[in-house]
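Here is the structure we will look at.
Sequence lines set the chain letters: A, B, ... in the order given, protein chains first and strands last, and positions in each chain run from 1.
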Amino acid sequence: MLQHALLSVGCKAWRALSCPISELRLDLTLGCGQTFRWRETGDGHWTGVMGGRVWTLTQTDDTLWYYVYTNQNNHGTGSVSEMGSSAESVPDKRLKGVGSMKQEDEEGLKVTSVHDSTEQELLKDYFQLNIQLENLYKDWGACDDHFRHIASIFTGVRMLKQDPVECLFSFICSSNNHISRIQGMVERLCHTLGPRLLTIEDTHYHDFPTLQVLADNGVEACLRDLGFGYRARFLQQSARLILDKHSPDWLHQLRGAPYEEAREALRTLPGVGVKVADCVCLMSLDKLDAVPVDTHVWQIAKRDYGCSSGNGQKTLTDKVHREIGDFFRQLWGPYAGWAHSVLFCADLKKFQKLKERAAGVKAEWVKSEGDQKGKSNSKKQKDRLSERNDAKGKTAKKMKLEKPFSRNRTVKEEGE
DNA sequence: CGTCGACCTCC
DNA sequence: GAGGTCGAC
């Protein structure tokens, strides 16, 4: 039976990609709620489906290791593609020890020559490794002290370039929901409607369902049975609308459209409001400056940046969405969506333990530098904002920066 | 342009 | 109530 790969057991079967930990942290990047398809199947080992293949990823200091499974030993249906069959049985042999390692090496090389470059490119593309995260962190932190201190702990948080179909339909599921439940829903969605790829240790790995399958009339009832609630209809109707009024690759084509245009196009789909549209733009359509504003991001803007947009309001109106988004775009620039994900990640409950370290670092810093530094910080931030205002020909009136950067804020207790 | 209730299910 | 959207005031 196929088993989840472990680097320590069969490292010769793994392939390596040079990638320092500062450029990518798998735990944060795969666990921050931008994708719902990866699980930690071993210590620091993440297994999931991407590009129609099943992968296990792990990393050491300067290396991203990846293992691509093949369908040999698959106990599922015969509908699995034959792609990669030349690598059959490599996983099992690797995991059984060192006895036949020599032969496996040769086999591994053969496999590598056929698939390695494609799969490596797939991985580079998915993690967008051509974009230098360290440089971006420096830019964002240069005029934003809050960011800099959070970022000193939350390194390597990067945006994935996801498949637009998977991204859209996953985020339609996200309304009124938290990450763990969305994960369960997406898992059931794929298990029920997506083609099976292979089975590892009794876990079935499926690809994401196609638009054609999602658009079927029976899908709503099916998904309601699976606990999707009112989102079941949104999913089916959105798929239907895309196929009827547009085309199967309409979503992909939105990669070539300007941000505003793509955003408005997505909003014509049922179940897609501003927040979901921004998520899809940022996470699958290359809109680097799309900032998805939800209640958490709103809290961050108010609590950590003294942003007063929507103060005294109960709900997130379109106007507040726009103002918060503009606020962060002014602050961070063209990669604002990427920067936002770092703070968003740091606000998640499951990463609070890490954040306490950040708070400690910050406390020491405040202690050693004193209040003067804090004051000049907020000045620096305002300078930066007005610079951007000037550059874009906008008035300072648009900015909602009220109070200076608060240095003694409490660690957030709630949230996912 | 902003508020309100409803929509599903889970904790 | 929840990381939201929709339709009606």
Remember a base hit wins even if backbone is also touched, and classify Arg233(A) as base, sugar-phosphate or nothing at under 4.0 Å, heavy atoms. sugar-phosphate
Under 3.5 Å, is there a donor on one side chain and an acceptor on the other for Thr56(A) and Tyr69(A)? yes
Pick the closest DNA chain C nucleotide for His321(A) and for Arg181(A) by heavy atoms, then say which residue is nearer the 5' end. Arg181(A)
Comparing nearest nucleotides in DNA chain C, the 5'-proximal residue of the pair Phe171(A), Gly271(A) is Phe171(A)
Expressed as a whole number of angstroms, how long is the span from Ile324(A):CD1 to dG4(C):P? 13 Å
Using the ring-ring contact (aromatic ring centres under 6.0 Å, His included) rule, collect all pairs that involve residues 236-265 of chain A, keeping only residues at least two apart or in two chains. His246(A)-Trp250(A)
Please report, rounded to the nearest Å, how far the P atom of dG4(C) is from the CG atom of Leu266(A). 17 Å
Side chain to side chain donor-acceptor pair (under 3.5 Å) between His146(A) and Asp304(A), intermediate numbers included: CA-CA 7 Å; His146(A) 176 64; Asp304(A) 300 330; 3.1 Å; yes
Say you draw a straight line from CD1 of Ile150(A) to CZ of Phe147(A); how long is it, rounded to the nearest 0.5 Å? 9.5 Å
Rounded to whole angstroms, how far apart are NE2 on His296(A) and P on dG1(C)? 15 Å
In whole angstrom, give the distance that lies between atom CG of Leu235(A) and atom P of dG4(C). 16 Å
According to the interplanar angle, ranging from 0 to 90°, do the rings of His4(A) and Tyr205(A) count as parallel (below 30°), tilted (30 to 60°) or perpendicular (above 60°)? perpendicular
Please map the stems of DNA chain C, keeping only stretches of three or more Watson-Crick or G-U wobble pairs with both distances under 3.5 angstrom. B:2-7 with C:4-9
Base, sugar-phosphate alone, or nothing: which one does Val274(A) contact when heavy atoms must sit under 4.0 Å apart? sugar-phosphate
For the residue pair Thr35(A) and Leu30(A), establish whether any side-chain heavy-atom pair is separated by less than 4.5 Å. yes
Check Gln162(A) against Tyr126(A) and note the closest heavy-atom contact, atom names and distance. CG-CE1, 4.2 Å
Go through DNA chain B in 5' to 3' direction and return only the first and the last nucleotide with some atom under 4.0 Å of chain A's heavy atoms. dG2(B) to dC10(B)
Hey, can you tell me if Trp140(A) and Tyr335(A) have their rings parallel, tilted or perpendicular (30° and 60° cut-offs)? tilted
Counting the atoms with a prime plus P, OP1 and OP2 as sugar-phosphate, which does Leu269(A) contact under 4.0 Å by heavy atoms, base, sugar-phosphate, or nothing? sugar-phosphate
Residue from Arg39(A), His206(A), His204(A) passing side chain to side chain donor-acceptor pair (under 3.5 Å) with Glu187(A): Arg39(A)
Provide, to the nearest angstrom, the distance between the CE atom belonging to Met185(A) and the P atom belonging to dG4(C). 14 Å
Nearest-angstrom distance from the residue atom CG of Leu241(A) to P of dT5(C): 17 Å
Tyr230(A) OH to dG4(C) P, in whole Å, measures 9 Å
May I have the distance from Ile172(A) (atom CD1) to dC6(C) (atom P), rounded to whole angstrom? 9 Å
